[in-house]
Amino acid sequence: MQTTKVGIRELRENLADYLESKTPLAITRHGSTIGIYVPTKPKPSQADLEALRVAGERMQELIAAAGTSEDEIVADFKKARRERRTRKG
């Protein structure tokens, strides 16, 4: 991931803009990097949460239509992981 170098004075003067940026910053003083700022993902939007809720409901419908349960799916997944690990090792 690419970083942007920014001097400490520049950072102070434009802090709000830099905090809203999605690009990591290499903060410098006299040309030497003194710290790194890595922005985190912002809080999900209401639309994102609604899409996730709808996807969860659809998943429940598909599980029910397949005649299985979440517990059976988890057990099958764990079994497949164990088998894959034993083949690798």
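We count residues from 1, following the sequence as given. What you see below is based on every heavy atom in this structure, not just the backbone, and it leaves out hydrogens, waters and symmetry mates.
Of all heavy-atom pairs spanning Y37 and Y18, the tightest one is CE2-O, 4.0 Å. The two residues P39 and P24 come nearest to each other via the heavy atoms CD-CA, 3.8 Å. Considering all non-hydrogen atoms of both residues, L49 and P44 come closest at CD2-CG, 3.9 Å. The two atoms that bring V6 and L11 nearest to each other are CG2-N, 3.8 Å, heavy atoms only. Contact record, I34 with I8: CD1-CD1, 4.3 Å, taken as the closest heavy-atom pair.
Annotation: Q46, atom CD; neighbour count of heavy atoms from other residues, nucleotides and ligands within 6.0 Å does not exceed 12.
For E57, the salt bridge (Lys or Arg N to Asp or Glu O under 4.0 Å) partners two or more places apart in sequence, or in a different chain, are R53.
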For residues 70-78, which side-chain N or O atoms pair as donor and acceptor with protein atoms under 3.5 Å away, sequence neighbours left out?
from	atom 1	to	atom 2	distance (Å)
E70	OE2	Q60	NE2	2.6
E72	OE1	T68	OG1	2.6
E72	OE1	S69	N	2.9

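Note: R9 CZ to N14 CG = 14.0 Å, rounded to the nearest 0.5 Å. If you take CG on L25 and CD1 on I36, they are separated by 8.5 Å, rounding to the nearest 0.5 Å.
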